[in-house]
Each structure stands twice: as structure tokens, then as C-alpha cells.
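Notes follow once the structure below has been shown.
All residue numbers refer to positions in the sequence shown, counting from 1. Each ligand, and each atom within it, is numbered from 1 in the order the structure gives.
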Amino acid sequence: MNQFQYVRAAKPKAAIEALAKDPAAMFIAGGTNMIDLMKRGVMAPEKLVDINKLPLRKIGKERKSISIGALALNSAVAEDKLVQEKLPLLAQALNAGASAQLRNMATVGGNLMQRTRCPYFYDTAMPCNKREPGTGCGALEGHNRMHAIFGHSEKCIATNPSDMSVALAALEATVRVSGPKGERTIRFDDFHRLPGNNPEVDTNLQRGELILSVEVPDNPYHKHLHYLKIRERASYAFALVSVAAALDLDGNTIKSARLAMGGVAHKPWRLFEAEKMLAGKPATEATFRQAVEAAFQGAKAFEHNAFKLKMGPNVVVQALKTAAGIA
Ligand code: SF4
């Protein structure tokens, strides 16, 4: 590991200023991904600004939303009574991620910022446009079983590894950030990027911006929901395919639906088209299948991940059936 300086910030303003002063500095909180990346030589920040002391751990009810501090631990959020009652989809997604030990260290902000688990990204002997722009994409013609089927580019076909983000996308959260130019709020769908020609850039955060909180608006999706994750083994594995499915039902009629997927794109992937098709329809397996298959029309697989074209729709239909209480 390279040598680096370490400083602790006590206030958000001090943390933002520390990054503004030093272009080679980065924030660190739980460090569950960053330390791995540094040990492997994938990232080499010259200075780490530890933000763990900042007062950003609160989870609470606001006027029309639930606010979750950026430094709230993944385990604390999943176990929070308000989250379990009002945002059970988020609690399910958090509990599907990583291991209990990691959830006790990892923060909400860090979860949003975690990097892809594409093996070529972590292997500094291999080409990777995300790690080193212009070197090529090892996965494109290589081992691409875990990779994207939506929104990829010829520069990068990686997926976003977060389970939490899939639920937050479905719940249309916003991300509150503060930076050298002041505070702003980013729609969740705009927070993570598709790779395009710049796969090295994962998010639309500006340099020096600090995540303060995630705001989840009040919503009717706390009764009929399911987070379903398919992975290589029962725990501590990233999603091959996952889905956050939520329905607002009036009897057997779907008033509205929310669907977001993980393991299929460079960002949490909303199935907007399927959501639209489901509104006003009866909650039946046939309706679910029709809507989901339409949403998969634009999917494109590679040599080793064509199974996702079949698995993906099946997983979404199954999650919708569970959400609707259909056996
Ligand atoms: Fe790198 Fe993206 Fe290609 Fe993986 S898919 S090797 S992260 S450029």
C-alpha cells in the first residue's frame, strides 16, 4: 500500500475544505471498500480525510420524508424501527448485502460510493478503462458473467454492486450533498452514471462534495413489496440479478408499481416501462410477465451473461408475485 496522510474532520465544512485544498485527498468513512482498493493498488489517495466524527448518523422523520444520515451504519438503518415500518423494502435490501460484520462498518454514504466488483478493475495487471482510462475493457471479450445487460458502453460493461441503492432507486430517494459551491439535492436516478465514454466516473458528485443524507419521500410502498437477490451463494456475495419490487394495491388492482434492478447495469436500473404498464392492471402473473418482458426488450448480453436475459424477467415476476401475495 502507498503511504498516505490521515486527518480527521470534526465538521462537514472542515471536511469539504480539506478536500478542496488537496486534489489528491479523498473522504473515508467505514473504509470497507476503500481499504481493499488501496491494498490492491487500484486507488492511491495521498491523503484520507476521516469523516466518521461528523454528526451525520441521524435517522428521523421529516415533514414529508424520512432522512437517513450519510454516516448511519447499514446495520443501524436496517434495524431502525421507523425504517422497518415505513421503508421495509430498504431494510430488506440492506440485509441482503454483504455480511453482518461489513454492515456494522459500512455507512450509507459509503454504500452509495462503492466501486464495481468487476474482477478486471481489481487486477492491476489487466486492462480496465474504469481504473485506467484508455487501456481497454478486459471484461468485454473476457469473463463477463457478472456484467451488465442494460446501459453499457463499448468502454465498460460493469455493474453497480449495491443492494441498498436498488431499493433507494425504487423509492425515488434524493441525495443531499454539500460542497465548495454550497448544498444541493440530487435525484437518485441522477446520482449514479452510465459508463458512456467516461467509465472512470461513477457518480454525478462534483469534486469535494460530501454526502450529508439520503431523503426518502413518504410513499405507499410498505405493505406489498419484496427485495429478491439471486447470487452464487446464500450470503456475502454480490447479485447476479436482484430486484426491488413494490406495489400499491387497491384490492387486486395495481394503483402503482415501483421496480428497480441490481446486477444488470452500471447504476440501479429502473424498469420505468414496466411500472407504467402495470398501473391500473390486475395483479396477476400474466400481467407481471407481459410488463416485465416488454421492459427487457432493450437488454443486450455478452458471451457469459446471456443467462441474465432469462433469469432477469423471472426474478422480477417472482418478486412481484411475492409482493402481491400470489403463491
Ligand atoms: Fe474495467 Fe468496466 Fe471493463 Fe470491468 S467492465 S474491465 S470495470 S472497463
Quiz item: Under 4.5 Å between any side-chain heavy atoms of His222 and Leu87, yes or no?
Solution: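 Of all side-chain heavy-atom pairs linking Leu87 with His222, none is under 4.5 Å.
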Quiz prompt | Non-hydrogen side-chain atoms of Asn204 and His192 separated by less than 4.5 Å | solution =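 No; the side chains remain at least 4.5 Å from each other.
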Exercise. With sequence neighbours left out, write down each residue that passes ring-ring contact (aromatic ring centres under 6.0 Å, His included) with Phe150, or none if nothing qualifies.
Key: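 Once residues adjacent in sequence are excluded, the partners of Phe150 under the ring-ring contact (aromatic ring centres under 6.0 Å, His included) criterion are Trp269, Phe296.
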Exercise. Could you name each residue pair satisfying side-chain hydrogen bond (donor to acceptor under 3.5 Å, both in side chains) that touches residues 234-253, not counting sequence neighbours?
Key: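 Sorted result for residues 234-253: Tyr227-Ser242.
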N/O donor to acceptor pairs below 3.5 angstrom from side-chain atoms of residues 134-146, sequence neighbours left out:
unit_1	atom_1	unit_2	atom_2	d
Thr135	OG1	Cys128	N	3.0
Thr135	OG1	Cys128	O	3.0
Thr135	OG1	Glu132	O	2.7
Asn144	OD1	His304	N	2.8
Asn144	ND2	Ala139	O	3.0
Asn144	ND2	Leu140	O	3.4
Asn144	ND2	Gly142	O	3.4
Arg145	NE	Glu232	OE2	2.8
Arg145	NH2	Glu232	OE1	3.4
Arg145	NH2	Glu232	OE2	3.2

Quiz prompt | Listed protein N/O/S atoms, distance to atom 2 (Fe) of ligand 1 under 2.8 Å | solution = Cys156 SG
Quiz prompt | Parallel, tilted or perpendicular, as decided by the 30° and 60° cut-offs, for the rings of Tyr120 and His147 | solution = tilted
